[in-house]
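The chains referred to below are lettered A, B, ... by the order of the sequence lines, with proteins before strands, and numbering in each begins at 1. Small disclaimer: the values here were computed from a predicted structure and weren't measured.
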Amino acid sequence: MHVLVVDDDVVSAEFLANTLVHFGYEVTVANNGREAFHLIRSGKYSMVISDWEMPEMNGPELCRQIRCRQWSGYIFFILITSYGAEHVVEGLKAGADDFLTKPFQPSELRVRLRTGERILSLQSRDVMLFTLAKLAESRDTDTGLHLERMREYCRILSEELSTWDKYRDVVDGDYVQLMYLTSPLHDIGKVGIPDSVLLKPGPLTKEEFEIMKRHVTIGGETLAAATKAHPDAKFLSMARDIAFTHHERYDGAGYPFGLQGKQIPLCGRLTALSDVYDALRSQRVYKPKFSHEKARQIILDGMGTQFDPDVVEAFLRREEEIVRISESLDGSTEEPPAVLPELPLMTPEPALV
Amino acid sequence: MTATQFDALAKVINVDDLMGRCMGNLDFVERILTIFQSRCEEDLAALEEAIQAVDLPRVQQLAHRLKGACANAGANNLSARASELWTAANKEFTDVLAARCAQFRLEWNECTAILSGDESHESHNSLAATP
């Protein structure tokens with residue numbers, strides 16, 4: 001990993017560079033913030049260790065400049081200072097991730113670097129998961145920004161439940177984050193569905209629908225195998241549960257297992273509503289885009305039968321945000337038809353012949 | 001570096017601390033001390049000019065850099081002196097800057113004499129590094 005050291009004090013810079021090289025990092029030294037910012041634009045550095053006080057551009061300003069721009073990846077920023085703790089708040093406001101005090105101890109530097117690496121690796125995990133989901137989705141060109149909207153709906157709904165007393169011990173910030181991270185994988189099993197079914201521009205036959213339904217087991221089993229290999233990775237077990245159960249119904253009439261009520265993992269119940277809402281609000285070859293009011297009514301009609309009543313209640317409480325997401329992440333380019341035919345739609349799958 | 005040289009060094013530099021931070025690498029210790037000597041000499045000369053010109057922002061910047069460099073090299077007493085200079089510049093106590101800088105210069109010269117192996121300058125107990 002390349003680390004950029006920014007310090008106008010050559011003694012301090014030499015110390016840092018030598019220690020970093022000793023720990024196995026590749027190091028570049030810049031003497032001020034401006035020079036550092038120029039180097040960072042190369043995209044080569046994901047970790048920056050900067051002095052606070054420097055001519056031309058100081059450490060906090062460099063950090064602010066970095067945070068103001070969109071980079072291809074996160075840049076972990078450590079500020080070094082010989083000032084007291086009162087500067088920590090200023091550094092945090094500028095966007096610094098961590099601090100070192102001069103003169104630093106190599107063991108402390110190592111711990112700080114590991115923290116940075118851990119955070120950067122989480123980012124890589126998140127990016128890879130979403131990339132995987134987008135890759136699976138790319139075969140189905142009908143869905144626009146479906147995954148982007150889905151994860152937002154799931155985040156909003158789980159966030160709402162996290163404020164309820166009855167979910168206090170189940171849904172916390174970590175759960176919300178995991179929902180956001182893993183919900184885009186719900187349809188990952190569609191990679192195993194033949195084009196003739198997945199891309200069919202019209203209603204499916206009964207046999208084709210059975211093939212289409214297999215995407216939940218294909219995705220679920222794939223993620224279950226990954227979970228077995230990495231049993232401590234909570235995101236994998238949640239992704240598995242979502243892939244397996246997002247077509248289950250609260251009344252037990254769903255697939256693939258016919259699970260009922262709370263037998264269906266909460267993440268599956270949350271994803272089920274989000275998925276259906278998004279399908280209703282999107283245009284498909286077999287249906288037009290429904291208004292929010294119409295989609296809302298269909299969700300309400302499914303309360304206690306298709307959907308968990310608590311999840312529907314969460315949906316109603318955060319309705320405004322959901323509409324905002326639906327509209328701001330509307331990837332469709334076509335106008336909805338002037339007259340909406342009355343099509344019953346209780347699953348996001350293509351309508352059965 | 002001989003044991004005698006190291007003993008002399010311990011009077012101005014907290015050698016244990018410096019060795020620890022250099023992870024026991026003697027070559028690295030020597031390199032740091034060489035850079036420390038040359039860079040701080042430049043900064044101190046610039047600081048003296050800035051004080052004469054009553055350029056307080058420059059005095060602050062240089063005093064702060066000297067403070068950090070001395071602390072990094074384990075020259076804790078010199079770092080404390082630089083910190084006093086920085087505080088005085090920060091509070092615009094211009095009347096004390098010249099005297100404090102002269103004191104820093106005196107201790108710096110004695111420190112560099114030891115680092116260069118010319119211990120005839122070394123006479124002050126105040127140079128002893130804080131362990």
Problem - Any side-chain heavy-atom pair of B/M23 and A/F23 under 4.5 Å - result: yes

Handout entry: Distance in Å, B/C22 SG paired with A/H22 NE2, rounded so as to fall on 0.5 Å steps
Key = 11.0 Å

Handout entry: Contact origin within B/F28 toward chain A - heavy atom pairs under 4.5 Å
Key = side chain

Exercise for the section: Give a yes or no on whether B/Q52 atom CD has more than 12 heavy-atom contacts from other residues, nucleotides or ligands under 6.0 Å away. Expected result: no

Handout entry: Pick from A/V10, A/I80, A/L109, A/D7 with the largest number of heavy-atom pairs that fall under 4.5 Å of chain B
Key = A/V10

Handout entry: Shortest non-hydrogen contact from B/I32 toward A/V11
Key = CD1-O, 4.0 Å

Practice task
Measure distances from A/D8 to the heavy atoms of chain B and classify the residue's part below 4.5 Å as side chain, backbone, both or neither.
Solution key: both

Completion exercise
Closest non-hydrogen contact found for A/D9 with B/G68 is OD2-C, 3.7 Å

Handout entry: Proximal component of B/D43, with respect to chain A [non-hydrogen, under 4.5 Å]
Key = neither

Practice task
Determine, for A/E53 against B/R65, whether the closest basic-nitrogen to carboxylate-oxygen distance falls under 4.0 angstrom.
Solution key: no

Fill in the blank from the handout: Correct closest heavy-atom pair for A/P106 and B/G20 would be CG-O, 4.0 Å

Fill in the blank from the handout: With chain A, the option among B/N25, B/I35, B/L66 that has the most non-hydrogen atom pairs under 4.5 Å is B/I35

Exercise for the section: Flag this pair as yes if the NZ/CZ of B/R21 is under 6.0 angstrom from the six-membered ring centre of A/F104 and inside a 45 degree cone about the axis; otherwise no. Expected result: no

Exercise for the section: Below 4.5 Å from any heavy atom of chain A, which atoms of B/C70 appear? Answer side chain, backbone, both or neither. Expected result: neither

